[in-house]
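Taking it in order: structure first as structure tokens, then the write-up.
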There are 2 protein chains.
Amino acid sequence: MTLVNPNPILQSLIAEQLVSDPASARGRLLNEAARLFRDKGYERTTVRDLAAAVGIQSGSLFHHFRTKEEILKAVMVETIRLNTALMQAAADQFADGKEKLRALVRTELESINGQTGEAMAVLVYEWRSLSESSRAEVLELRDIYEDLWLSALRQLADAGQLGADPFITRRMLTGALSWTVTWYRPERGGLSLDGLTDQVMAMLGLA
Amino acid sequence: MTLVNPNPILQSLIAEQLVSDPASARGRLLNEAARLFRDKGYERTTVRDLAAAVGIQSGSLFHHFRTKEEILKAVMVETIRLNTALMQAAADQFADGKEKLRALVRTELESINGQTGEAMAVLVYEWRSLSESSRAEVLELRDIYEDLWLSALRQLADAGQLGADPFITRRMLTGALSWTVTWYRPERGGLSLDGLTDQVMAMLGLA
DNA sequence: CGATACCAAGCAAGCGCTTGGTTTGTAAAC
DNA sequence: GTTTACAAACCAAGCGCTTGCTTGGTATCG
């Protein structure tokens, strides 16, 4: 009984070997690692915790990864790759600046609070635990991601629809959106992702 | 040669024993601890690091604090106490909603990026490392702080000047403002704290 | 057969914290 | 004005435990 993941973007990234299949041993470990890293933090999470989460011995981890840090880096790199592709697809759907921004906000909120939310939180809050060289590698990927945002925001600014500077606005949005992971609980609150997106747009005066 | 700290709010808190004097042994340790916790994270910071930062042996730390976590908690509790007092004073200066909010934004940005910045960052990003009971204690203090924000934002919402819900707006601001610590570099950029405050107000459509 | 995936055991290092004892500051007793 | 008393502040050493990671060997499977 094989379940095919319905997301074509994820599928093509897996085919290109840019992202691990969540059904594979490596993929399952990375998912569990992201969850543990978010819940307890990278340092508090031991290799024994990670191994137990996928039902193997701690030593067996090092058959798949050379170091614990390599696991953190893999979580981050694969998460950026996936989300850059998702954001690209979302942005390409619209030409209008306001609609484009709305799609980006909505997609990032979905990444942060949905299935890849654990990994996104790790990406935002655990970069200090990366070594210098890994950090540089991750930052390079992040720049591509950020360019998607900046071009959309610049488009709005040129049309006179943005109150503040595009760079500043993006940085404010980065903080504001990633912070939602600490308080947004769609299952309880009643506020849907679309509703939350509306609120963000309203806050920016783009309702 | 005694130097008197010019901040009267800090002085009165020290007098009431709610905050440690930064010149005292305890105060100096808490300052160093905040810096180390922010730079390396709580878990990566060892008691040996903390002791070395103030020039004593690691064991001697436990003459002042019973556990390492007690140091983290003290950093957080004293930081909230100080900043609640600072925010209260800032808010009391203005009656007009927009001016009141501007004062709050400006004061919080100053806390985050100024002298107490290390401690503020710890407050935001290291709460996971607190034990359950310490967390409850810190949250209680935080609620008082948050009420200052909410009353100002409600005032604006009642006047129809706020695009989004006050609660949501505050949460977005929490994320956005605390995130500035990762990118805002006044000494290099040229953007002053007042300028940054202007940008935040402009983003909210309250320029 | 050979490669891949794993287990069982444990090592060296680093961790938070404890211990017993020494120095230092202060103030009363003589 | 020296002596005695005592607590606060600190040191030197190290204990018990956990950490990331290694090692040598064993299943599993194409």
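Throughout, a chain's letter reflects where its sequence line sits, starting with A, and its residues are numbered from 1. FYI, side chains are in, hydrogens and waters are out, and symmetry mates aren't considered; it's all heavy atoms of this structure. Everything numeric here is computed off the predicted structure, so don't read it as measured data.
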Atom NZ of B:K68 and atom P of C:dT18: how far apart are they, to the nearest Å? 14 Å

By the 4.0 Å heavy-atom rule, please label A:T46 as base, sugar-phosphate, or nothing. sugar-phosphate

Using whole Å, what does the distance between atom C1' of nucleotide C:dT18 and atom CD of B:Q57 come to? 14 Å

Given atom CD1 of B:I71 and atom P of C:dG16, what is their separation to the nearest angstrom? 10 Å

Mind calculating the distance between NE2 (B:H63) and P (D:dA9) to the nearest angstrom? 4 Å

Minimum-distance nucleotide to A:S60 side chain [options: D:dC21, C:dG16, C:dC6]: C:dC6

Using side-chain hydrogen bond (donor to acceptor under 3.5 Å, both in side chains), reason through B:R48 and B:S58 one step at a time and then give a plain yes or no. CA-CA 5 Å; B:R48 287 163 180 83; B:S58 68; 4.6 Å; no

For B:F62, is the NZ or CZ atom of B:K68 found under 6.0 angstrom from the centre of its six-membered ring and inside 45 degrees of the ring axis? no

Euclidean distance, atom CZ of residue A:R26 to atom C1' of C:dC6 [Å, nearest integer]: 18 Å

Donor-acceptor pair under 3.5 Å, A:R48 side chain vs D:dG20 base: yes

C:dC15 P sits how many Å from B:K40 NZ, rounded? 8 Å

Rounded to the Å, how far apart are B:F65 CZ and C:dG16 C1'? 16 Å

Indicate, with a heavy-atom threshold strictly under 4.0 Å, whether A:T67 touches base, sugar-phosphate, or nothing. sugar-phosphate

Just wondering, more than 12 heavy atoms not from B:F167 lying within 6.0 Å of its CZ? no

Rounded off to whole Å, could you give me the NE2-to-P distance for the B:H64 and D:dA8 pair? 12 Å

Between B:K40 and B:E118, does any side-chain N to carboxylate O distance fall below 4.0 Å? no

